[in-house]
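Beneath this line is the structure, given in structure tokens, with notes to follow.
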Amino acid sequence: MIARIVLILITALAIAGCGTRSASTENTVVAAFYPLAFAAKTIAPSLTVENLTPPGAEPHDLELTPRAVARIERASVVLYLGHGFQPAVTDAVKNASGTKVDILLDLPLHAATGQEEGLSADPHVWLDPVLFERVVRRIGASLPGNVRPGRLLADLRALDRDYRMGLAHCKRTDIVTSHAAFGYLAQRYGLRQVSITGLTPESEPTPKQLTHVIQLVRQTHATTVFFERLVSPRLADTVAREVGAHTAVLDPIEGLTPSEQQQGKTYLTLMRENLAALRKALACQ
């Protein structure tokens, strides 16, 4: 009888243990927002990769549900950006049991202007294909299994080559953007960014600041004011109307809209759309 009871207990414990393992997310990669999720899934298609930022959502001020916090804490790998980009994610990562990868570490970052609440550096490194190549290498080294990011690295080198060639001979070099997301891209390819707002797209310029931006845009003789899909184009429309320019999309690729997902668009296709938009706005040959 005792032996039978012991056997029942052992069986029950084994079943419970199996249930715990199946419910865990120990083989899951959690990414704070789209570019990191894209890189991880492209490098390792067989892995489960979860994007914390929902489609169509602006990631800068992401708020986490208790379920999302639990996913971070149980994931085998958490990919995120420090320096105040997503404070809620950074706080949750402190209790993560898996590998924590701040992809901004050891990168040559631009300092924040001092007017950006919570940000200590410009986080938009993924818009520079050369810097994003370094990010991809770091992500690849952190993922479980013998993954090789070679194909994505080759795609990024080709993208960099196309940008260098496509922006080499342009009539203008100033790009007017709704928020200051394109500093790394501009520096890489010899452009100058003139932004209406700062590093966070939700920031609102004062009337004095807006007047200064309008004067600066007039001096550049820009014909295009760029806006982005995940944020209201109101300020871009205002500046464009004041200077007699038109508006166009320049995507910071912080996330995909549901429509872009349905169309099968990716980081790589959106970067090429950005290149086409820049070439048109800057009158490149």
Side-chain angles (χ1 to χ4, degrees), residues 32-35 53-54 56-64 81-91 104 107-128 172-255 257 274 277-278 280-282:
F33 76 129
Y34 171 70
T53 304
E58 212 294 317
H60 282 257
D61 293 322
L62 177 69
E63 295 294 334
L64 297 178
L81 283 77
H83 291 276
F85 178 66
Q86 292 176 305
V89 176
T90 303
D91 287 343
L104 295 181
L107 292 180
L109 301 177
H110 297 170
T113 62
Q115 301 174 347
E116 306 296 338
E117 184 177 353
L119 282 173
S120 59
D122 181 354
H124 301 90
V125 294
W126 61 91
L127 293 172
D128 175 352
R172 293 176 290 275
T173 57
D174 293 312
I175 55 172
V176 182
T177 63
S178 58
H179 97 278
F182 299 90
Y184 296 107
L185 183 148
Q187 182 183 56
R188 180 68 61 189
Y189 302 111
L191 307 177
R192 183 177 72 134
Q193 175 182 236
V194 178
S195 61
I196 300 172
T197 63
L199 292 172
T200 54
E202 298 86 357
S203 59
E204 287 278 340
T206 65
K208 182 178 180 180
Q209 290 171 331
L210 187 58
T211 298
H212 174 71
V213 169
I214 291 171
Q215 292 173 346
L216 190 58
V217 173
R218 284 200 179 103
Q219 293 171 9
T220 68
H221 303 291
T223 61
T224 304
V225 176
F226 288 112
F227 69 97
E228 55 199 79
R229 290 187 178 91
L230 297 182
V231 179
S232 169
R234 179 177 56 84
L235 286 174
D237 288 340
T238 299
V239 173
R241 185 169 57 251
E242 289 292 326
V243 302
H246 66 272
T247 59
V249 171
L250 193 65
D251 199 329
I253 319 182
E254 295 176 343
T257 65
N274 281 349
L278 287 169
K280 181 178 180 180
L282 301 178

Exercise. So, for F182 and F226, is the gap between ring centers shorter than 6.0 Å?
Worked result: no

Problem set entry | Donor-acceptor pair, side chain of T197 and main chain of S178, under 3.5 angstrom | yes

Exercise. So, does E228 use its side chain to make a donor-acceptor pair with the main chain of L230 at under 3.5 Å?
Worked result: no

For this session: May I ask you to decide if A281's main-chain N or O and R172's side chain share a donor-acceptor pair within less than 3.5 Å?
Result: yes

Problem set entry | Non-hydrogen side-chain atoms of E254 and W126 separated by less than 4.5 Å | yes

Problem set entry | I253 versus N274, closest heavy-atom pair with distance | CD1-ND2, 4.0 Å

Exercise. Atom CG in L119, atom CG in L109: separation rounded to 0.5 Å?
Worked result: 11.0 Å

For this session: Would you mind telling me which of H83, H179, H110 makes a ring pair (Phe, Tyr, Trp, His ring centres under 6.0 Å) with H124?
Result: H179

For this session: For residues P233 and T247, determine if any side-chain heavy atom of one lies less than 4.5 Å from a side-chain heavy atom of the other.
Result: no

For this session: Calculate, to the nearest 0.5 Å, the distance between atoms OG1 and CD belonging to T53 and E58 respectively.
Result: 8.5 Å

For this session: Enumerate the residue pairs fulfilling side-chain hydrogen bond (donor to acceptor under 3.5 Å, both in side chains) with a member in residues 210-220, sequence neighbours excluded, ordered by first and then second residue.
Result: none

Problem set entry | Nearest heavy-atom neighbours spanning V194 and V217 | CG1-CG2, 4.1 Å

For this session: Output the distance between atom CG (L278) and atom OG1 (T224), rounded to the nearest 0.5 Å.
Result: 9.5 Å

Problem set entry | N/O donor-acceptor pair under 3.5 Å between Y34 side chain and P59 backbone | no

Exercise. Would you say the side chain of L64 lies within less than 4.5 Å of the side chain of D91, judging by non-hydrogen atoms?
Worked result: no

Exercise. So, do I196 and T238 sit near enough that their side-chain heavy atoms are less than 4.5 Å apart?
Worked result: no

For this session: Return the minimal non-hydrogen interatomic distance between A222 and A245, and the atom names on each side.
Result: O-CB, 3.9 Å

Seminar exercise, completed: Rounded to the nearest 0.5 angstrom, the CG-CG distance for L127 and D251 is 8.5 Å

Seminar exercise, completed: Between L81 and T90, the two heavy atoms sitting closest are O-OG1, 3.8 Å

For this session: Give, for atom CG of L62 and atom CZ of F85, the distance between the pair rounded to the nearest 0.5 Å.
Result: 9.0 Å

For this session: State the CD-CD distance between Q86 and E63, to the nearest 0.5 angstrom.
Result: 10.5 Å

